[in-house]
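Throughout, protein chains are lettered first and strands after them, A, B, ... in sequence-line order, and every chain is numbered starting at 1. Quick note: numbers below take in every heavy atom, side chains included, and nothing from hydrogens, waters or symmetry partners.
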Amino acid sequence: MKVRTRFAPSPTGYMHIGNLRTALYAWLFARHNNGKFILRIEDTDRNRLVEEAGNVIFRTLKDTGLNYDEGPDIGGEYGPYVQSERKEIYGKYARLLVEKGAAYYCFCTKERLDHLREQAAAEGKVFKYDKHCMSLSKEEVQRKIAAGEEYVIRQNIPTQGEASYEDMVYGKISVPMSDMEDNILLKSDGWPTYNLANVIDDHLMEITHVIRGMEYLSSTPKYNLLYDALGWQRPVYIHLPPVMKDKHKKLSKRNGDASYEDLIQKGYLKEAILNYIALLGWNPGGEREIYSLNELAEVFTLEGLSKSSAIFDIEKLTWMNGEYIRALSLEAFIERARPYFEQSLTSHVDLKKLATLIQPRLETLVQIGEKISFVNALPEYSIDLYSHKKMKTTPENSLNILIAARQKMASLEDFTNDALYSALLEVAQEAEVKSGRVLWPVRIAITGTAVTPGGATEIAELLGKEETLARMDFSISKLERELQ
RNA sequence: GGCUCCUUGGUCAAGUGGUUAAGACACCGCCCUCUCACGGCGGCUACAGGAGUUCGAAUCUCCUAGGAGUCACCA
């Protein structure tokens, strides 16, 4: 059997991490099995459409490398791949279901339904449609339709027995028929509901494995009834546990910002995002955690899927992102980081040198700005920074050291890290103090920053001789002034 | 509330009757070290609770509790 999976989002907003993970798993399963991955847009709810949403889906899938073999914008032999372009198909099958007795026309008004609902609520019962219109004769139905009465088509669900199926992750699921309602298959506006459309499309598109969120776990038996009525083979079901924001809430764009695009905005690498969410609810068994997309496709199997929900942990993603950043070649890193450098760097320094210092110290790309601000200009700083207990430095004992260091540095032809380092060690020796007594003050003097990506000599090399000496001079006079 | 499902440390998780109950993130400590980070070493913390079955239960059964999903002319 040729595996065919699909990702079938409705274009009603942004794509968040839970959606992306569903797409990822469907993609991985298809790729692992040498099958096809299909994108289908489910836009039958004409009221909830969001203008840009379709494009966000296309863009995200392309950007992440979750390439689809068939889809709205690339076509395929099972198209169209947008439900709004398949309207007649659903109508046709809805009527076929009526003929087979698996569905029926319903003319009940909203008023009657609301009344029934209120009644049920008053009695403390769960509302369930009473199959009122099922008793209508064929003639009555014809007459009403001819008279232009609005109608829907409802699924006719047996009142007795149990409906069950085998889910690949949750195992056997069985639901009493009596708990299922005669859902609407075709709305009065002529559009199908998900209940009908997903079945028709998955079958017509020859989807073999339906991979989707577990919110469909208990309604799947109803869909199976439709497959059975039509004499179609049921697909294999793979329901996924949800990705949570915390113990109680599902991840949502509203109360967090875990959309894919938000994470990219925050400086996360797409590879890290994919890698992290792949492991949120699935694991390959071993201890390895870093996998490229293709490596994931190689090892992905259903056995690794878990049944329980998983909380999205930004901390771990952040760690993994750091791993990905560090694994980049210097060139690749500079390429990725360029926009951030351009945004926050105003002075001219050797980008390669800066990148070398910064790359191993980054967890996200946006941290670049804060980490390199001292490069642009010496910030306002307090001379308290010269105090460091472990280095045994104070503003007072730093002053003379800085003067000596400044003189030594000025005499250097070769203003590189190594040369600077040995020069400053000499200063320490001459003053008969430990290296930290000179390296710490120098770093503070030229950066005015407590924590910097690199030591005193690395930063001196980065800034260059002229700038370094200028900053030394400034800091020396600042100290002289403030120590009076 | 009915129905469906879930439950190993703060988080992700290995584990499928016999283990000192892995590993990772986070946190803490130490080491490395010109600050920080990286790296190395070590520590902390878990089988939701209770009954069974069994020589033996995180693993099997039942009950309880907690949680999630669903109960739309949304998907």
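Both distances falling under 3.5 Å, in either a Watson-Crick or a G-U wobble arrangement, place B:G69 opposite B:C3. Of the nucleotides present, none pairs with B:C74 by Watson-Crick or G-U wobble criteria with both distances under 3.5 Å. When both distances must be under 3.5 Å, the Watson-Crick or G-U wobble mate of B:C41 is B:G29. Across every strand in view, B:U35 sits unpaired, with no contact that passes the Watson-Crick or G-U test at under 3.5 angstrom. Applying the Watson-Crick and G-U wobble criteria (two distances, each under 3.5 Å), B:A13 pairs with nothing in any strand. Within the shown strands, nothing qualifies as a pairing partner of B:A57 under the Watson-Crick or G-U definition with both distances less than 3.5 Å.
With respect to A:Lys307 and A:Asp167, no salt bridge is recorded, no charged nitrogen being found less than 4.0 Å from a carboxylate O. Taking a cutoff of 4.0 Å between a charged side-chain nitrogen and a carboxylate oxygen, A:Arg46 and A:Asp189 do not qualify as a salt bridge.
Residue contacts shown for A:Gly454 include a base, since a base heavy atom lies under 4.0 Å away. Within 4.0 Å of A:Glu323, counting heavy atoms only, lie sugar-phosphate atoms of the nucleic acid but no base atom. Using a 4.0 Å heavy-atom criterion, one finds that A:Met391 contacts the sugar-phosphate atoms exclusively. Among the protein residues, A:Ser178 comes within range of no part of the nucleic acid, since none of its heavy atoms lies under 4.0 Å from any strand. No contact: A:Phe312 has no heavy atom under 4.0 Å from any strand. Here A:Ala310 lies in heavy-atom contact (under 4.0 Å) with sugar-phosphate atoms only. Note on A:Lys434: nothing from the nucleic acid sits closer than 4.0 angstrom, heavy atoms only. A:Ser308 comes within contact range of the sugar-phosphate backbone alone, with a heavy-atom separation under 4.0 Å but no base atom that close. Residue A:Asp114 is classed as having no contact, given no heavy-atom separation below 4.0 Å to the nucleic acid.
Distance noted for atom P between B:A57 and B:U20: 15 Å (whole Å). Between the P atoms of B:U59 and B:A72, the separation comes to 37 Å (whole Å). The gap from the C1' atom of B:G9 to that of B:C27 amounts to 12 Å, rounded to the nearest Å. Atom P of B:G67 sits at a distance of 29 Å from the matching atom of B:C73, rounded to the whole Å. When the P atom is compared between B:U35 and B:C47, the two are found 41 Å apart, to the nearest whole Å. Spacing between B:U19 and B:G10 at atom C1', rounded to whole Å, works out to 25 Å. Distance check on atom C1': B:G23 versus B:C31 gives 23 Å, rounded to whole Å. Of the C1' atoms belonging to B:U45 and B:C12, the separation is 15 Å, rounded to the nearest Å.
Phosphate proximity of B:C34 to A:Tyr421: present, with a side-chain N or O under 4.0 Å from OP1 or OP2. When the side-chain nitrogen and oxygen atoms of A:Ser306 are compared with OP1 and OP2 of B:A13, one or more of them lie within a distance under 4.0 Å. Not one side-chain nitrogen or oxygen of A:Lys316 sits closer than 4.0 Å to the OP1 or OP2 atom of B:C12. For A:Asn283, no side-chain nitrogen or oxygen approaches OP1 or OP2 of B:A13 to under 4.0 Å. Between A:Thr44 and B:A75, a side-chain N or O to OP1/OP2 separation shorter than 4.0 Å is present.
Minimum atom distance to the side chain of A:Ile184 is reached by B:C73, of the listed B:U4, B:A68, B:C73. Of all nucleotides listed (B:G69, B:A24, B:C34), B:C34 comes nearest to the side chain of A:Thr457. If you check B:A75, B:U11, B:C5 against the side chain of A:Leu217, the one that comes closest is B:C5. For A:Lys187, counting side-chain heavy atoms from C-beta on, the closest listed nucleotide (B:U4, B:A75, B:A24) is B:A75. Closest to the side chain of A:Arg48, from the set B:C34, B:C5, B:A75, is B:A75. For A:Val152, taking side-chain heavy atoms from C-beta onward, the closest of the listed nucleotides B:C73, B:G69, B:C34 is B:C73. In the set B:A75, B:C34, B:U4, the nucleotide with an atom closest to the side chain of A:Ile173 is B:U4. In this structure, the nucleotide among B:G2, B:C36, B:A68 sitting nearest to the side chain of A:His248 is B:A68. Among the nucleotides B:U35, B:A75, B:A72, the one closest to any side-chain atom of A:Thr452 is B:U35. Candidate nucleotides B:G23, B:A24, B:U35 were compared by shortest atom distance to the side chain of A:Glu289, and B:A24 ranks first.
Between the side chains of A:Tyr268 and A:Thr318, a donor-acceptor pair is found at a separation under 3.5 Å.
Scanning for side chain to side chain donor-acceptor pair (under 3.5 Å) contacts around A:Tyr93 gives an empty result, with sequence neighbours left out. Residues meeting the side chain to side chain donor-acceptor pair (under 3.5 Å) test with A:Glu85, sequence neighbours left out: none.
Remark: P of B:A72 and CE of A:Met180 are 15 Å apart, rounded to the nearest angstrom. Following rounding to the nearest Å, A:Glu162 (CD) and B:G2 (P) show an atom-to-atom distance of 17 Å. Look at CG on A:Asp201: it is 12 Å from P on B:A75, rounded to the nearest Å. Atoms CE (A:Met244) and P (B:G67) sit 11 Å apart, rounded to a whole Å. A straight line from CE of A:Met320 to P of B:U11 spans 18 Å, rounded to a whole angstrom. Going from atom OH of A:Tyr291 over to atom P of B:C12 covers 19 Å, rounded to whole Å. Summarising the geometry, the separation between CD1 on A:Ile311 and P on B:A68 is reported as 11 Å, rounded to the nearest angstrom. A:Tyr216 places its OH atom 20 Å from the C1' atom of B:C6, with the value rounded to the nearest Å.
Within a 6.0 Å radius of CD in A:Glu123, more than 12 heavy atoms belonging to other residues, nucleotides or ligands are found. Within 6.0 Å of NZ in A:Lys352 there are 12 or fewer heavy atoms belonging to other residues, nucleotides or ligands.
Taking the six-membered ring wherever Trp is involved, the centroid distance between the rings of A:Tyr14 and A:Tyr260 does not fall below 6.0 Å. No close placement of the A:Tyr68 and A:Phe7 rings is indicated, their centers lying 6.0 Å or farther apart.
For a distance-only test at 3.5 Å, the side chain of A:Ser218 fails to qualify as a donor-acceptor partner of the base of B:C3. Under 3.5 Å, the side chain of A:Arg361 and the base of B:C36 form at least one donor-acceptor pair of N or O atoms. No hydrogens or angles were tested; on distance alone, nothing pairs the side chain of A:Ser309 with the base of B:C6 as donor and acceptor under 3.5 Å. Remark: the A:Lys247 side chain and the B:U11 base include no donor-acceptor N/O pair separated by less than 3.5 Å.
Nearest-nucleotide positions on RNA chain B place A:Thr449 closer to the 5' end than the other of A:Thr449 and A:Arg326. Ranked by how close their nearest RNA chain B nucleotide is to the 5' end, A:Pro360 and A:Leu317 are led by A:Leu317.
Contact detail for A:Asp179 and A:Val175: the closest heavy-atom pair is CB-CG1, 4.4 Å.
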